[in-house]
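What's counted below: heavy atoms across the whole structure, side chains too, no hydrogens, waters or symmetry copies.
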Amino acid sequence: MDRIGVLIPAYNAEATLPALLAQVGKIVHAQDIVVVDDGSSDATSETASRLGAEVVRHTVNCGKGRALQTGFDYVLQNLPWDAVVTMDADLQHRPEDLPSFMNVYRLLSPDIVIGYRTRKGTSMPIARRLSNTITSALVSARTGITVKDSQCGYRLIARRVIEEVKIEAPGYEAETEFLIKAANKGYQMRFVPIQTVYGSERSYMTYWITTKRFLTVLLKEY
C-alpha cells in the first residue's frame, strides 16, 4: 500500500499542535508526520518533537512557501513517502478529512488532490469567501483547469510532483504558484470537499501584500 505522510508548516503553533497531532496520529503513524517550524518564537519545535513528529526548523521566519519547500526537500531526501498531505497547523483543516484525500489517491491515482471548502452557508468570513471565489476563477482561467479552491492548502501531492515542481514564492502565494507550475507540466488534479473551521485563531496573512504577490505569481511566465 502507498505510504502517505503529513507535512505541517507551522509558525507560533504551540497552542494548537497538541490537538492537531493527536488527531492526525490516529490516522497516520507519528513517524509519518513532519512539522516545519518556520522560525517560531514559542515552543512550536519542542511541542511537535515531544509529541513524536519529525521537526525541521528555520532559524528565522521565512514564509509559508519557504516552509513548504523545506518540507518537500526533507521528504525527498529522508523519507520513502509515495505522497504527502499538506495541512495547516491552526486547526482550520480537520484531520477527519484525511481519509478522503487518501481514498481518492488510492482509487484514482491522481497527481494532486485538493480540498475545496464550501463557501455559502458556512462560517467562512465574507471577505475570505469573496477572495476565494475570485482567486479560484483567475487561477482556473490561467491554468485552463476548473480549480474549485485554489487557495486551500489542504492537499495531497504525489511524490513525482514534488520531485518536479519547486516552489520559489516565499509566502501564501506559493500555493498558487505550485498549481500553475503543476498544470503547466500536465499533472492531473482531483478535488474533495472539506470542512474548514473558522474561529478565533490568529492569522499571519497580510492581505494587501498577499494580494500583490498573488497577482505577480498569476501573471508570471513559467
Show, in sequence, the C-alpha distance, side-chain angles and deciding distance for R50 and E46, and conclude whether the salt bridge (charged side-chain N to carboxylate O under 4.0 Å, His left out) test is met.
CA-CA 6 Å; R50 173 171 53 82; E46 294 81 358; over 6 Å; no
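- For residues 129-156, every residue pair satisfying the ring pair (Phe, Tyr, Trp, His ring centres under 6.0 Å) rule, not counting sequence neighbours, is listed here: H93-Y154, F101-Y154.
- In plain terms, the two heavy atoms of S150 and S136 that are nearest each other are N-OG, 3.0 Å.
- Take A30 and apply the side-chain contact (heavy atoms from CB on, under 4.5 Å) test, not counting sequence neighbours, and it matches no residue.
- Test D38, D88, T86 against K64 for side chain to side chain donor-acceptor pair (under 3.5 Å) and you get one pass: D88.
- V35 and V84 fall into different hydrophobic clusters, where Ile, Leu, Val, Met, Phe, Trp and Tyr are joined by side-chain heavy atoms under 4.5 Å apart, directly or via other members.
- N12 and S41 get closest at one heavy-atom pair: OD1-N, 2.7 Å.
- Looking at V24, I4, N103 one by one, the single match for side-chain contact (heavy atoms from CB on, under 4.5 Å) with L98 turns out to be V24.
- Using modelled atom types, one side-chain atom of T143 and one backbone atom of I145 make a donor-acceptor pair closer than 3.5 Å.
- T176 and Q151 share a donor-acceptor pair across their side chains, judged by distance under 3.5 Å alone.
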Report the C-alpha distance between R117 and D149 in whole Å, list the side-chain angles of each, state the deciding distance to 0.1 Å, and finish with yes or no for salt bridge (charged side-chain N to carboxylate O under 4.0 Å, His left out).
CA-CA 7 Å; R117 299 160 288 183; D149 192 341; 2.7 Å; yes
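- For residues 27-64, no residue pair satisfies the ring pair (Phe, Tyr, Trp, His ring centres under 6.0 Å) rule, not counting sequence neighbours.
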